[in-house]
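Have a look at the structure below, then the notes.
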Protein chains: 2
Amino acid sequence: MIGKSASGQSGKAAPQTRIQRAKREAILEAGLTVFSEAGFRGATLDRIASEAGLSKPNLLYYYPSKEAIYEALLRGLLETWLDPLQAIDPMGEPVEELLGYVRRKLQMSRDFPRQSRLFANEIVQGAPRIMPVLEGELRGMVDRLAMVIEGWIAEGRLAPVDPRHLMFSVWSLTQHYADFDVQVRAVLNADDPYPGAETHLELLFRRLLTP
Amino acid sequence: MIGKSASGQSGKAAPQTRIQRAKREAILEAGLTVFSEAGFRGATLDRIASEAGLSKPNLLYYYPSKEAIYEALLRGLLETWLDPLQAIDPMGEPVEELLGYVRRKLQMSRDFPRQSRLFANEIVQGAPRIMPVLEGELRGMVDRLAMVIEGWIAEGRLAPVDPRHLMFSVWSLTQHYADFDVQVRAVLNADDPYPGAETHLELLFRRLLTP
DNA sequence: GTCTATACACGGATAGAC
DNA sequence: GTCTATCCGTGTATAGAC
């Protein structure tokens, strides 16, 4: 299970030299690549090890199991992932605050597509490991934001929308460009879909949200 | 590879009794369930066989390999999947035609969530088997539709939008409710997200598309 | 056509030398 | 800490009896 302890370091608080930290980092980096491409079951320790430049047993010296690497990745993911949501300012101008959120989220798809796909893989397959976080932290954050949005609507500073479905729209539209990347590129027959995407999403949300 | 031959029956044109058809059908049905939940590698013949009420060797009598079942499913998927796109009428009223497409697509997410997730799994992991279809048929259909949409915009019957990114928006918004189902339910803490989704998407696209 | 038994490869994890 | 060798479970696929 995920999200129970704050530090991901197994509690032992071992001294941790720089070189150890570096190798653990390399493993997570490799794991991110492999897990995001193949999903949990599709990934192999062989590939992760070779990608990280380590032998398989050596990799298992740093992380005790495949599961452990995967869970460490999910844990790390959640912080950066939920961050942009926190950055929405209830005191700001509603439409601009939400558009800023959309922009940050789209940028994350461009800059961290592997993280997005890792998350997508986990959810599509039923979120076997990350479900508690969805029902706990995520729902809590969305509930809080929903109240803010409803306040904005009541004040007439935002067009009336269902706040939670609005969130789903932001997530799906932005993450689509990372998760369905190959399809997007195949259809567009172009290299970088993001300039077009940014313009399109700005237009879409401005039209939806402007009172 | 997918989409080369029209019939999925391996060319032998064997007589095919009703009972054989029924078993092949049961296998595909079971395969859809298992592959959509676990992805290609995560699925096992054991689970598919037991789900279909067959022994494993018996299953392999009807389909020669795991790959064969998977490819048969992808092939079958594409027809129903691209169908709603074909149903858009260039002679109809633009906003209503596109809203109809959105509605049909959302209904497919509700009625065939396993198909949606099967497709999502395939694409997220780089579309190793279905890429040719994306670059061929899908791109072709989107290109044709894009011209229709551009015509509508030129006539002032539709607000100016990038036609291809509009398609991405329809796909991501509607399929999100099938693919990220567990997340949607976790956040909403409710059972059936679809009534809310339909209202929301109708509002969203009407606002976006009305000139 | 359908079963039991089994071959065989792959992958996660461990043992133990260095 | 890092390696080589290896164990062993799981999973695809086949052999061969019925």
Side-chain angles (χ1 to χ4, degrees), chain A residues 9-10 12-74 118 121-122 125 128-129, chain B residues 9-10 12-74 121 125 128-129:
Chain A
Q9 239 58 278
S10 84
K12 283 244 180 122
Q16 288 273 4
T17 72
R18 293 137 247 128
I19 209 141
Q20 281 174 323
R21 286 210 151 277
K23 292 211 173 170
R24 290 178 73 94
E25 192 45 52
I27 291 170
L28 290 183
E29 174 67 18
L32 179 56
T33 297
V34 177
F35 281 123
S36 69
E37 275 175 24
F40 180 78
R41 276 214 68 194
T44 69
L45 290 182
D46 268 318
R47 261 205 74 198
I48 298 175
S50 97
E51 201 96 4
L54 270 66
S55 71
K56 196 161 47 160
N58 195 196
L59 178 150
L60 285 166
Y61 170 80
Y62 286 98
Y63 285 90
S65 69
K66 186 179 175 180
E67 279 269 346
I69 304 172
Y70 187 72
E71 299 207 345
L73 281 170
L74 280 188
L118 180 73
N121 262 306
E122 169 72 8
Q125 306 203 356
R129 294 157 234 263
Chain B
Q9 239 56 280
S10 83
K12 283 242 178 121
Q16 288 274 4
T17 73
R18 293 137 246 128
I19 208 141
Q20 283 174 323
R21 287 210 149 277
K23 292 211 174 171
R24 291 178 72 94
E25 192 46 52
I27 291 170
L28 290 183
E29 174 67 18
L32 179 55
T33 297
V34 177
F35 281 123
S36 69
E37 276 176 24
F40 180 77
R41 274 215 69 195
T44 70
L45 290 182
D46 267 318
R47 262 204 73 196
I48 299 175
S50 96
E51 201 97 4
L54 270 66
S55 71
K56 199 162 42 163
N58 195 195
L59 179 149
L60 286 165
Y61 170 80
Y62 287 98
Y63 285 90
S65 69
K66 185 179 174 180
E67 279 269 347
I69 304 172
Y70 187 73
E71 298 207 344
L73 281 170
L74 279 188
N121 262 305
Q125 305 202 358
R129 296 158 231 263

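Order of the sequence lines sets the chain letters (A, B, ...), proteins ahead of strands, with each chain counted from 1. Here the structure is a predicted model, which is why all the values come from computation and not from measurement.
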Next on the checklist: Nearest 0.5 Å, please: how far is OH in Y62(A) from CZ in R21(A)?
Outcome noted: 12.5 Å
Checklist entry - Rounded to the nearest 0.5 Å, how far apart are CG of L45(B) and OG of S65(B)? => result 8.5 Å
Checklist entry - Which residues, if any, of residues 35-45 of chain A bring a heavy atom under 4.0 Å of DNA chain C? => result A43(A), T44(A), L45(A)
Item to check | Sorted by number, the residues of residues 49-60 of chain B with heavy-atom contact under 4.0 Å to DNA chain D | outcome: K56(B), P57(B), L60(B)
Checklist entry - What integer distance in Å separates Y61(B):OH from dT2(C):P? => result 7 Å
Next on the checklist: Please report the distance, rounded to the nearest Å, between OH in Y62(B) and P in dA13(D).
Outcome noted: 18 Å
Next on the checklist: Rounded to whole Å, please give me the gap between CG in D46(A) and P in dC10(C).
Outcome noted: 10 Å
Checklist outcome for this item: Result for side-chain contact (heavy atoms from CB on, under 4.5 Å) between F35(A) and one of N121(A), L28(A), I69(A), L74(A) points to I69(A)
Next on the checklist: To check you understand the geometry: which heavy-atom pair defines the closest contact between L73(A) and L32(A), and what is its length?
Outcome noted: CD1-N, 3.6 Å
Next on the checklist: Test: side chain to side chain donor-acceptor pair (under 3.5 Å). Region: residues 28-52 of chain A. Which pairs qualify, not counting sequence neighbours?
Outcome noted: E29(A)-R114(A), T33(A)-R114(A), E37(A)-R47(A)
Item to check | d(OH, Y63(A); P, dG12(C)) in whole Å | outcome: 17 Å
Checklist entry - Measuring from I27(B):CD1 to L59(B):CG, what's the distance to the nearest 0.5 Å? => result 4.5 Å
Next on the checklist: Show the nearest heavy-atom pair for residues A43(B) and A38(B), with the distance to one decimal.
Outcome noted: N-CB, 3.7 Å
Checklist entry - Within the side chain of K66(B), is there an N or O that forms a donor-acceptor pair under 3.5 Å with the backbone of F40(B)? => result yes
Checklist entry - Could you state the CD1-C1' distance from I48(A) to dA13(C), rounded to the nearest angstrom? => result 14 Å
